[in-house]
Structure formats: C-alpha cells, structure tokens
There are 2 protein chains.
Amino acid sequence: MPLSTRESIIALAENHIQQNGYNAFSYYDIAVQLGIKNAAVHYHFPKKKDLLKGVLDKSEQHFQNMVELSKHNDINYMDKLNRFLKIYDDNLNRQNRVCLMGALATDLFTLPDHLRPALNQLVEAMKNWLTQILEEARNAGEFKFDGVASDRAALICSSMAGALQLARVLGNKEYEVIKSQLIKDLIK
Amino acid sequence: MPLSTRESIIALAENHIQQNGYNAFSYYDIAVQLGIKNAAVHYHFPKKKDLLKGVLDKSEQHFQNMVELSKHNDINYMDKLNRFLKIYDDNLNRQNRVCLMGALATDLFTLPDHLRPALNQLVEAMKNWLTQILEEARNAGEFKFDGVASDRAALICSSMAGALQLARVLGNKEYEVIKSQLIKDLIK
DNA sequence: GTCTATATGTCGATAGAC
DNA sequence: GTCTATCGACATATAGAC
C-alpha cells in the first residue's frame with residue numbers, strides 16, 4: 001500500500017540524514033521530492049526536531065520488526081546475526097548510506113537535548129539484542145569469542161558503523177572485508 | 001611559539017568539524033573565537049573549501065609526524081600501534097571529538113568534488129602505514145592474526161572510528177572495551 | 001591583515017486563505 | 001491538508017577603506 005504523506009516525509013528525512021547528516025537537508029528538499037510546499041511539511045512536523053523524532057521512532061520500529069522476524073524464522077544464531085548485519089548491508093546498497101547512529105553521532109551536540117535519550121535508547125536496544133544473541137550462541141557452541149558478550153557486541157556495532165563510512169572514502173570493498181572478518185572471528 | 005592567525009583558524013575549523021561536522025560551523029563562529037571579524041577569516045581562506053583543504057593538509061602532516069616519531073622512538077610494534085591509537089585517544093579526550101574520517105564520511109557527498117581525493121589519500125596513507133606495521137609485527141612474531149594485514153588494518157580503522165561515535169551515544173566506556181579487544185585480538 | 005558594510009541566498013518557522 | 005506569502009536569523013562571500 002502507498003505511504004501516507006507523513007510516512008513519506010519520514011522516509012525521505014531518514015534518507016537525507018543517513019546520506020548527508022541532520023544539518024545538510026531542509027524542509028524545502030523534502031517538499032520538492034514530494035511535489036508539495038514547504039509549509040505542508042511543517043503541518044506534519046512543526047519543528048525539525050519533531051521530524052527527527054519521527055525518524056528515530058521509525059528506526060526503532062524497524063529494528064523491532066527485525067527482532068520479531070528473527071524470533072519466528074531463524075533456525076540458528078548465524079541466521080540471526082546475518083539478519084542484524086543485513087541492516088548495514090541495506091544501507092550500503094542504498095547509495096552508501098551510513099547507519100543512523102554513525103550519522104547522528106557526529107551531529108549529536110547540535111541536536112536538541114531531549115532527543116539524545118531517544119538515540120541512546122535505540123542504540124542500547126540494538127547492542128543489548130546483539131549481546132544476548134552472542135551470549136546464547138557461545139553457550140550453544142555455535143560462536144566462539146573471548147571476553148564478555150556485551151564488549152563483543154560493542155565491537156561489532158562500532159566496526160559496522162565505521163565500515164559504512166570507510167566504504168565511502170576508500171570504496172565498498174572495505175565494507176566486505178571488515179564484515180567477513182567479524183564473522184570469521186566468531187566461528188574460528 | 002604562538003600560532004599564526006592562519007594556523008589558529010585551521011585548528012579551530014578542525015575542532016568544529018570533528019565536534020559537529022563540516023556543515024554545522026560558520027566563518028562567524030571562528031571569527032568570534034579569535035576576536036576578529038568574518039571578513040578577516042575570508043582573507044586567509046576565501047572559500048570554505050579552502051579552509052577544509054587546510055584542515056586536511058594539517059591532519060596529513062600530523063599523521064606524518066606520528067610516523068616519523070614512531071620510526072625514531074618506538075622499540076617494538078606495540079609501541080607503534082599505541083602511538084597510532086593515541087590519535088583516537090586524543091580525540092576522545094578532547095570533548096569527544098570523532099575522528100576526521102568519521103566526521104567527513106557523513107558529510108562526504110556535500111563536499112566539493114575535488115576535496116574527496118585529499119580525504120581519500122589521507123585515509124589510505126593511514127591504512128597503508130597500519131597495514132605495514134601489522135604485517136611486520138606478525139612476521140616478527142609479536143602480533144598474531146588471520147587473513148591479510150590490509151584487511152585487519154581496515155577493521156581497526158573502522159572500529160576505532162566507530163568507537164568514538166559509540167562513545168558519544170552510549171558513554172566513554174564503550175571506547176575502552178572496543179580498543180582493548182582490538183589489542184587483545186592481536187596478541188592472544 | 002583587519003575593518004565596515006553589504007550583497008545574495010537559504011534556512012526554519014508561522015499566519016491566514018482555501 | 002495544502003497553499004501563498006512572508007518574517008527574522010544566519011550562512012557564504014565580496015568590495016573597498018584603513
């Protein structure tokens with residue numbers, strides 16, 4: 001089914017943020033893409049921070065959808081990990097978007113204060129889910145790694161975020177070699 | 001010795017870029033910090049892209065200084081690696097700056113085309129130097145890792161970039177656990 | 001090398017008609 | 001829900017005096 005205007009605005013804003021950052025797109029950019037006017041976008045999201053909140057909420061929802069899908073369909077832990085990593089793959093394949101955490105981390109100190117908890121919560125949720133998968137997979141003998149699982153989860157999150165950025169600067173091959181090393185390090 | 005106006009401008013611009021990104025600071029910001037006027041900054045760097053070029057050149061020079069220092073003073077490969085990682089430590093300790101690659105990667109598509117090669121060259125130089133250190137250290141039996149050295153270098157660069165960003169969102173402890181895992185994975 | 005002054009553009013945001 | 005019209009703030013950038 002087609003997206004509502006509100007949903008379309010969020011999708012476009014998300015794209016702009018992950019393409020160029022929060023401070024490099026305008027209401028006008030989105031209005032042109034939708035064939036409407038500046039003021040119509042403000043009707044749906046009065047302030048730019050409202051729009052950012054919409055993007056964060058959508059991203060949280062998207063992540064939770066991934067979690068549910070994984071619960072019902074993935075038969076082993078590598079499936080679950082791959083479903084998580086697919087979030088980054090999809091960003092790479094959509095014109096080299098960086099991940100939302102990576103894009104907003106740089107802009108963080110320019111954002112309204114009360115939006116930082118929303119980003120924190122999203123990233124924490126992702127890291128916690130990954131931690132649990134890693135821990136269970138190690139207990140099941142499917143993954144192997146040293147140290148506590150939450151540290152390994154942090155390493156994977158930061159590496160994947162950095163991989164999308166390095167891919168922009170040095171080429172997409174960097175992304176693949178980083179990702180494959182992270183996986184190899186879990187199964188060797 | 002004191003910095004020239006030109007050098008001060010570059011230092012402030014670098015700081016702004018690594019704090020908030022390329023699109024979130026203005027000539028006015030820098031002018032105020034130096035106690036001069038907008039137009040005086042434009043005298044030294046007519047266009048904003050000229051200023052960015054100055055920042056990239058300074059960063060390249062800073063990296064080459066590190067390389068020279070390492071050549072003459074570091075007696076083993078862990079010393080060399082730590083000197084490299086200190087670049088990231090210093091960013092963390094300077095009000096949670098992200099690294100230059102991380103900051104500019106998000107802004108990349110908003111930058112003048114002809115500046116991308118300069119960033120590419122800087123990052124390539126860093127990765128190549130690290131590759132060589134890793135390779136030599138493995139041959140010398142000081143480091144241990146699987147795969148080709150350039151892939152491991154890419155992983156370390158991306159992880160450290162991401163670590164500075166994750167530290168902003170989740171707290172500085174994330175940086176430490178990521179860094180220490182990278183080191184442990186080389187010596188175990 | 002720094003100043004005043006200004007040109008020109010874009011941004012986020014709002015009032016009020018339809 | 002979208003429009004026209006507009007405001008004030010701020011951006012990059014330049015001309016010309018000192």
Side-chain angles (χ1 to χ4, degrees), chain A residues 1-56 103-104 106-116 118, chain B residues 1-56 103-104 106-116 118:
Chain A
M1 61 192 151
L3 296 181
S4 67
T5 300
R6 184 190 158 85
E7 289 168 329
S8 297
I9 292 170
I10 289 177
L12 288 168
E14 179 197 76
N15 217 39
H16 278 293
I17 290 171
Q18 294 187 230
Q19 282 286 344
N20 304 320
Y22 179 72
N23 296 304
F25 80 98
S26 71
Y27 274 59
Y28 178 77
D29 293 328
I30 290 178
V32 168
Q33 289 178 289
L34 287 177
I36 60 178
K37 298 296 172 183
N38 190 0
V41 182
H42 276 285
Y43 166 79
H44 294 279
F45 299 95
K47 310 290 177 74
K48 202 176 182 184
K49 65 186 178 194
D50 302 320
L51 180 47
L52 177 57
K53 184 63 164 53
V55 170
L56 287 168
L104 292 180
T106 300
D107 299 332
L108 196 71
F109 302 144
T110 72
L111 304 181
D113 281 348
H114 62 285
L115 281 178
R116 284 190 230 175
Chain B
M1 63 196 149
L3 297 180
S4 67
T5 301
R6 184 191 157 85
E7 290 168 328
S8 297
I9 292 170
I10 290 177
L12 289 169
E14 180 196 76
N15 217 37
H16 278 293
I17 290 172
Q18 294 187 229
Q19 283 286 344
N20 304 321
Y22 179 73
N23 296 302
F25 81 97
S26 71
Y27 273 57
Y28 179 76
D29 293 327
I30 289 177
V32 167
Q33 288 178 290
L34 286 178
I36 58 178
K37 298 297 171 182
N38 189 0
V41 183
H42 276 285
Y43 166 80
H44 294 281
F45 300 94
K47 310 290 177 72
K48 200 175 182 182
K49 65 186 179 195
D50 302 319
L51 180 48
L52 177 56
K53 183 64 165 52
V55 169
L56 288 168
L104 292 180
T106 300
D107 299 331
L108 195 69
F109 302 144
T110 73
L111 304 181
D113 281 349
H114 62 284
L115 280 178
R116 285 191 229 173

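All values below come from the heavy atoms of this structure, side chains included, with hydrogens, waters and symmetry mates left out. Residue numbering restarts at 1 for every chain, and letters A, B, ... go by the order of the sequence lines.
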Enquirer: Counting only side-chain N and O atoms of A/Lys49, is one of them less than 4.0 Å from OP1 or OP2 of C/dG12?
Expert: no

Enquirer: Can you tell me if B/Tyr43 touches the phosphate of C/dG1, counting only side-chain N or O atoms and a distance under 4.0 Å to OP1 or OP2?
Expert: yes

Enquirer: Look at the side-chain N and O atoms of B/His44 and state whether any lies under 4.0 Å from the OP1 or OP2 oxygen of C/dT2.
Expert: yes

Enquirer: Within the side chain of A/Tyr27, is there an N or O that forms a donor-acceptor pair under 3.5 Å with the backbone of A/Lys37?
Expert: no

Enquirer: Round to the nearest Å and state the distance from B/Lys47 atom NZ to D/dA13 atom C1'.
Expert: 8 Å

Enquirer: Keeping A/Asn23 on the side-chain end and B/Ala24 on the backbone end, is there a donor-acceptor pair under 3.5 Å?
Expert: no

Enquirer: Compare side-chain N and O positions of A/Thr5 against OP1 and OP2 of D/dT2 and report whether any pair is under 4.0 Å apart.
Expert: yes

Enquirer: Check the phosphate of D/dC10 against B/Ser26, side-chain N and O only, distance under 4.0 Å to OP1 or OP2. Yes or no?
Expert: no

Enquirer: Base, sugar-phosphate or nothing for B/Phe45? Non-hydrogen atoms, less than 4.0 Å.
Expert: nothing

Enquirer: Should A/Leu56 and A/Leu104 count as side-chain neighbours, where that means a heavy-atom distance under 4.5 Å?
Expert: yes

Enquirer: Would you indicate, yes or no, if C/dC3 has its OP1 or OP2 atom less than 4.0 angstrom from a side-chain nitrogen or oxygen of B/Lys37?
Expert: no

Enquirer: Can you check side chain to side chain contact (heavy atoms under 4.5 Å, CB included) on A/Phe109 and A/Arg116, steps first, answer last?
Expert: CA-CA 9 Å; A/Phe109 302 144; A/Arg116 284 190 230 175; 3.9 Å; yes

